[in-house]
Amino acid sequence: MLEEVERWFADRSWSAADRPLDQLLSAKRAAGTTVSVVLPALDEEETVGAIVEVIRRDLIDGLPVPLVDELVVVDSGSTDRTAEVAAKAGAHVVHRDDILPRIPAVHGKGEVLWRSLLVTTGDIVCFVDADLRDFSSDFVSGIVGPLLTEPDVQFVKAMYDRPLGDSPGQGGRVTELVARPLLNLHWPQLAGFVQPLGGEYAVRRALLERLPFPVGYGVELGLLVDALHTVGLDALAQVDVGVRLHRHQGGQALGRMAAAIYRTAQLRLSRGHLVRPELTQFERGPNGFVPRTYAVDTEERPPMAGVKEYSGRRVA
């Protein structure tokens, strides 16, 4: 790693245990900072309820000052009981299509995260994937902590072990095969991030509203790269929260994810010539292999600060 990155890794990598909850509550009370947690969810009825319950139990209910002021699940078109389960567990549930109806929604995780800024008000916005199992509230308190105690920090990613089945450290295949090589080659200042594609991160709203959001799987890489260029490396940090267990995607889904991430990187490397935004994969049918071609997510949403409904909300 670059000497600058080695220094950053030593200074800006923490453990969730470094900041006990009482310290965070004291800092939150003193600063008057508010915190919103957003869970983007699509057909996650098996896991979303438990995540909401843990956040409510540990970080909202029964505390002298709740660490989390808003807990929002944004349903992006579930066909199961995701919305019902999340609401019953105590989350405020909003459907993606009901947010900013003037702009028709497109499919994609980044689309949901972008729209969530319009239905939350916290000074800090914390994103958590809704498919996590054996969830710990450290995933929230750990990454929110530096934003409450370190005024210069603006963007915090979670880092963790990612087992694949019974194999420790073998998860995160797209990270290791696509994202990490891209970052090391083109944005070496970001080479110190353990989980650059992780879905758990907390960001100051004042920064988020200035960033464009890739609508699909490229959102994590896009936000990280753009945050680096907007506020610099020392405003970024990471916190160790233990082990992340979740549902793993199949190989072809990972291929589509990888293509979207490469496309997001390519857009940031050059706004000139663009590669063809499609990916062809093969599935075995009764008469041999059949090609299936998928569009790669290419659309991006503009910084929320320029959306009239968002700026109008502030005036109101």
All side-chain hydrogen bond (donor to acceptor under 3.5 Å, both in side chains) counterparts of [X], not counting sequence neighbours:
X      : answer
Arg7   : Asp234
Arg57  : none
Thr120 : Arg205
Asp138 : none

A side-chain contact here means heavy atoms from C-beta on lying under 4.5 Å apart; do [X] and [Y] qualify?
X      : Y      : answer
Leu190 : Leu236 : yes
Met304 : Phe213 : no
Pro302 : Pro212 : no
Leu71  : Arg56  : yes
Phe139 : Asp129 : no

Handout entry: Residues which pass ring pair (Phe, Tyr, Trp, His ring centres under 6.0 Å) with Trp8, listed by chain and number, not counting sequence neighbours
Key = Phe193
Handout entry: Which atom of Arg115 lies closest to which atom of Ile103, heavy atoms considered
Key = NH2-O, 2.7 Å
Anything under 3.5 Å between a donor and an acceptor, one on a side chain of residues 146-156, the other on a protein residue two or more places apart or in another chain? List them.
unit_1	atom_1	unit_2	atom_2	d
Thr149	OG1	Arg19	NE	2.8
Thr149	OG1	Gly145	O	3.1
Glu150	OE2	Arg19	NH2	3.4

Practice task
Find the distance between CG (Leu113) and CG (Leu208) and round it off to the nearest 0.5 Å.
Solution key: 9.0 Å
Handout entry: Approximate separation, where rounding is to 0.5 Å, of Ser141 OG and Asp58 CG
Key =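 The distance works out to 8.0 Å.
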Practice task
State, without any angle test, whether Tyr310 and Glu209 hold a side-chain donor-acceptor pair at a distance under 3.5 Å.
Solution key: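 Checked: Tyr310/Glu209 side chains pair up, N/O donor to acceptor below 3.5 Å.
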Any carboxylate oxygen within less than 4.0 angstrom of a Lys/Arg side-chain nitrogen, looking at [X] and [Y]?
X      : Y      : answer
Asp69  : Lys28  : yes
Lys109 : Glu220 : yes
Glu111 : Arg301 : yes

Practice task
Mind running salt bridge (charged side-chain N to carboxylate O under 4.0 Å, His left out) on Arg96 and Asp75 for me, showing each step along the way?
Solution key: CA-CA 6 Å; Arg96 174 201 62 201; Asp75 186 351; over 6 Å; no
